[in-house]
Each structure stands twice: as C-alpha cells, then as structure tokens.
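Since the model is a prediction, treat every value here as computed from it, not as a measurement. Just the heavy atoms: all of them, side chains too, but no hydrogens, waters or symmetry mates, feed the values below.
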Amino acid sequence: MKSPKKYGVRTAIVATAATALFVSSIVTTNAPNQADAASSNTRNVILFIGDGMGAAQRDAIRLATVGEKGNLAMDSMPYVGLIHTSSTVPVTDSAASASAYASGVKTYNGAIGMDADKKSVKTIMEYAKDAGKSTGVVTTSQITDATGAAFGAHVEDRSKQSDIALQLLTKSKVDVLLGGGEDFWYPAGNPGKFPDEPAEDPSEKSKGTQGNLVDKAKQLGYTYVTNKADMQKAKDGKLLGIFANEEMFQQKPEGEGDIYNPVVSLPEMTKKAIDTLATNKKGFFLMVEEEGTDEFAHQNNAKMTIKSGQELDKSVQVAKDFAKKNPDTLVLVLADHETGGFSIEAVDADDESGDGISKEDGPFAIANSKHNFVVDWTTSGHTAVDIPITAMGKNAQLFTGIYENTEVFTKLMQASGFKANK
C-alpha cells in the first residue's frame, strides 16, 4: 500500500453489521480444547492476506460473486475467528500488522520485523526455514512492500524497499518471490524489463539503492522471470518473478485510469508458488497477498475492490484444492486491517450519498437474484475494526475465538511445532 496517513479517532471506531455476524458465528462454533488441538504438526502453511479486506468487503465480494445463498472459497472453511488489529496505536498500517502476524509483537506503524524498541524479531518464515522448509512470498503489490517484507526482513522503516529486497535474497533466503516492484531491484538509470516513466504512471522508474539485485539473485541461483510463459516454464528451485514497476495494477481516483489487470494473475502466481515449494518433503510456508483490496479501498472504489477480492478468492480455491490432496496443510484467510470504513446498503435514492470520493458506489448486482446493493464509505484511510479469519486443514481449529493479531504468530508456531528462541 502507499505510505500510511494519520487517521482520526472517529475512523478508528467504525463498525459494521457484518462484523457482528462473524462474532455470532464464532460464538456458535464448537471449538475443541485448544490445548489438545495440535496433536500433530502442520507440514505446509498457506496464509492469505487480503490487504484492507474487512468483513463487509468479504460480504460485498460474496454478494457480487455467488449471491446471498452462495459461499466464497475463503468463507467455505470450518473454522472462523475475529482478530483485533491495533499496533502500538489503535489504527495499524500494514507493516505493523504484518509484523504482528509474522513475529508476534506489537510495534509502531512503519516497522518491518522490528519490535517497538527497534530490535529485530524472528519471523515465522525464518523459523520455517530453520526447520528445513521452503518459503515463499506472492503478492500483487511490490514484493518488497510492507506485508511481504515483514515475513522476511528487518528494517526500521518500510520505505527501505531495496534493503528489504537484499535481505529477502541473502538473509531470510526466501525461495519463491513473485509480484511487482522492479523499480527497487535496479538502480536509477537502469530500467530493467519494464520501462521507466510509463504512460499509465510517469512517476514509476528505477530507484534501487543496493545495486542490481536481479543480477544478485541470479548469482544466488534464482531463476528470474518477467512474464507468465517464463514463470510457468521455470523449473523447481529458487524463483524470482517480477511483473511490474510497482504494484501489478494502477490505482487512481475512481474513473481516472484505475486498472486491475495483472500480467500474471494472483491465482496463477499462487499455483506456481505452491507447485514449486511443494517439492520440499519437509514442507513449506507461503504468504499470498492481494494488494488491490486495500489500494482501491483507499480510493473508495468499490468496483475494483470487489474485482481484486474475486481474484483473491480464486487463489484461495487453488490452495484449497492442494490442501484436499495434502491434508497436512493449513490454509488461512485474513486481512491486516480494514480500509475505507466500507459498508453495504440498500439502494435508496433518498439516502445521503456523501461527497467527493466518499459518494456511494453502485448499484451492484447481487448474483443469482434481481436485487442490488450499494457501497458507502466513511474514510479513505484505515479503521480499527476487527477482521475475520477463516481456516481449514491441519490444526485449523487453533484459530477460532477473538484475539489479538499477535496471537496469529503464536498459533502458527503451535500448529507447526516450532519453539520460539529466547
């Protein structure tokens, strides 16, 4: 996502009816005793993060895709929970949230793999690597953006994306890296595969600070690809795929060039990553992020938020198909925070519509019915509402209940049988 803004208390207390529904479903879930839940270890973990995707966004994606009576792949899971999203302040950014998931610490907004005292904290992906597992990051954002970075890098400021790239290659040694952000892998003046200052966004151009990191990756044994055909042909082993200058889409004020059409889709990247990582008999840890659900929500663009969410759901189905054939796999779907104060409303000409970018969006057709809905917004920033987590597979029952974002790390460690370093 773009650099975080300052948000007021008003936006931090936005709530939705959808969240209440998730609370209700949690209360009625028959969760087993969590002390007995992890009777054996999870071999593979596939963690999906829909950036900015709160409960109401999930409902809108569901209504537009499968209708009132249908279920998305991300919702057709037997276990559900709710996560508190705060960092060291009530409203988190993606860096602090992902650091909480990856390392189990509450930290300041902007921190990557650092605690609130700016000390490095070991990540779940690094624990997985120590256990002999393969690791991967897949995203429609820059590979080095906050969410992916927090699972394999340690910097005080999320803006240091070239430093992050170097650490992903040489420190955490992530095996599969697929997404955007070529600008941070090449120094200024070296445009790489994707031209500097493209017509769709002239601000994009190479600005790396650590030399030619693509050459560095090749020297370290990575296969480097920049398109779908080459990605699919790549052999097993280390894989670096960069498919855009920055994010793999263009987000602008609604109707002014907003485009979601990645040259390689998130489901395609997800499948390639799973196929590559699954060759390791000891298992793997893969984090998959859809960035569009956040970027388009920052622009209060419901149409594109829903579209990117639909691609995330297709990616979840890819993982579920793998998990059904590999029952020692855990699949999780959550968000880092909610963006936009998103709400679903009836079509009503007499209802207030807001102004500027916060005008109501729609109407949107509800699949398999004659009904429509509109989307309303309260902010162009983040909110502090709880976000849902759904889970299936090995030790998925650990993830029920209502808990802090730091508990995701604790539960992943328990599911995997890892012991934290002291």
Side-chain angles (χ1 to χ4, degrees), residues 10-11 13-25 48 50-77 80 82 249 251 253-256 258-260 290-317 333-335 337-390:
R10 183 181 68 84
T11 63
I13 59 175
V14 176
T16 68
T19 301
L21 290 175
F22 270 93
V23 172
S24 175
S25 69
F48 288 93
D51 201 319
M53 184 181 69
Q57 282 92 334
R58 286 176 74 144
D59 277 338
I61 297 162
R62 174 178 58 85
L63 291 172
T65 308
V66 295
E68 295 175 85
K69 297 181 180 179
N71 281 308
L72 296 170
M74 70 177 86
D75 293 334
S76 300
M77 295 185 174
V80 63
L82 268 181
F249 51 83
Q251 75 291 342
E254 192 168 2
E256 296 182 17
D258 32 295
I259 300 169
Y260 183 92
E290 175 52 67
E291 175 73 4
T293 42
D294 176 72
E295 294 282 6
F296 293 119
H298 275 298
Q299 296 296 335
N300 287 177
N301 185 336
K303 177 181 177 181
M304 303 303 279
T305 301
I306 291 169
K307 183 175 181 179
S308 54
Q310 290 170 327
E311 290 300 298
L312 173 64
D313 198 58
K314 293 174 186 176
S315 305
V316 173
Q317 188 60 57
V333 185
L334 45 70
H337 53 72
E338 194 274 346
T339 300
F342 189 111
S343 63
I344 298 169
E345 299 180 348
V347 179
D348 182 356
D350 295 327
D351 188 19
E352 59 83 21
S353 62
D355 53 24
I357 66 170
S358 292
K359 289 181 179 178
E360 289 176 343
D361 280 358
F364 300 101
I366 297 177
N368 307 313
S369 81
K370 298 180 181 179
H371 300 294
N372 299 309
F373 68 93
V374 296
V375 170
D376 210 348
W377 307 86
T378 63
T379 178
S380 60
H382 299 171
T383 69
V385 299
D386 292 349
I387 59 94
I389 176 173
T390 45

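The distance from atom CD of Gln310 to atom CD of Glu290, rounded to the nearest 0.5 Å, is 11.0 Å. Here the CG atom belonging to Asp59 is positioned 11.5 Å from the OG atom belonging to Ser343, to the nearest 0.5 angstrom. One distance of note links CG of Asp313 with OG of Ser76; it measures 8.0 Å at 0.5 Å rounding. For the atom pair Met77 CE and Thr390 OG1, the distance stands at 4.5 Å (nearest 0.5 Å). Atom OG1 of Thr305 is separated from atom CG of Asn300 by 8.0 Å, given to the nearest 0.5 angstrom. Rounding to the nearest 0.5 Å gives a distance of 11.5 Å between OG1 of Thr65 and CG of Asn71.
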inquiry  = For a side-chain contact (heavy atoms from CB on, under 4.5 Å) check, start with the C-alpha distance between Met74 and Leu312, then their side-chain angles and the critical distance, and finish with the verdict.
reply    = CA-CA 9 Å; Met74 70 177 86; Leu312 173 64; 4.2 Å; yes

request  = Take Gln57 and Ile306 through the side-chain contact (heavy atoms from CB on, under 4.5 Å) test and state the conclusion after the steps.
outcome  = CA-CA 7 Å; Gln57 282 92 334; Ile306 291 169; over 6 Å; no

request  = Please report the C-alpha distance between Glu345 and Val375 in whole Å, then the side-chain angles of each, then the deciding distance to 0.1 Å, and finally whether the side-chain contact (heavy atoms from CB on, under 4.5 Å) criterion is met.
outcome  = CA-CA 6 Å; Glu345 299 180 348; Val375 170; over 6 Å; no

query = After noting the C-alpha distance and the side-chain angles of Leu63 and Glu68, does the key distance pass the side-chain contact (heavy atoms from CB on, under 4.5 Å) rule?
reply = CA-CA 6 Å; Leu63 291 172; Glu68 295 175 85; 3.8 Å; yes

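Looking at every heavy atom in both residues, Lys307 comes nearest to Tyr260 through NZ-O, 3.3 Å. Minimum interatomic distance between Ala55 and Pro388 (heavy atoms only, all atoms of both residues): N-CD, 3.7 Å. Here the shortest heavy-atom pairing between Ala367 and Ala64 reads CB-O, 3.8 Å.
Inter-residue side-chain proximity for Leu82 and Ile387 is flagged as unmet; no heavy-atom pair is nearer than 4.5 Å. Looking at heavy atoms from C-beta onward, Phe48 lies in side-chain contact with Ser315 at the 4.5 angstrom threshold. Annotation: side chain of Phe373 is not in contact with side chain of Val347 (no heavy-atom distance under 4.5 Å). Looking at Ser380 and Gln299, their side chains never come closer than 4.5 Å, going by heavy atoms from C-beta outward. Side-chain contact between Trp377 and Glu360: absent, with no pair of heavy atoms (C-beta onward) separated by less than 4.5 Å. Side-chain contact check for Gln317 versus Leu72: every heavy-atom pair is 4.5 Å or farther apart. The shortest side-chain heavy-atom distance between Phe249 and Met304 does not fall under the 4.5 Å cut-off.
For Thr339 and Asp294, the side-chain atoms include at least one donor-acceptor pair closer than 3.5 Å. There is a side-chain donor-acceptor pair under 3.5 Å between Thr383 and Glu338.
Taking the charged nitrogens against the carboxylate oxygens, Lys303 and Asp361 have no contact shorter than 4.0 Å, which rules out a salt bridge.
Ring-plane geometry between His382 and His298 is classed as tilted, the angle between the planes lying from 30 to 60 degrees on a 0 to 90 degree scale.
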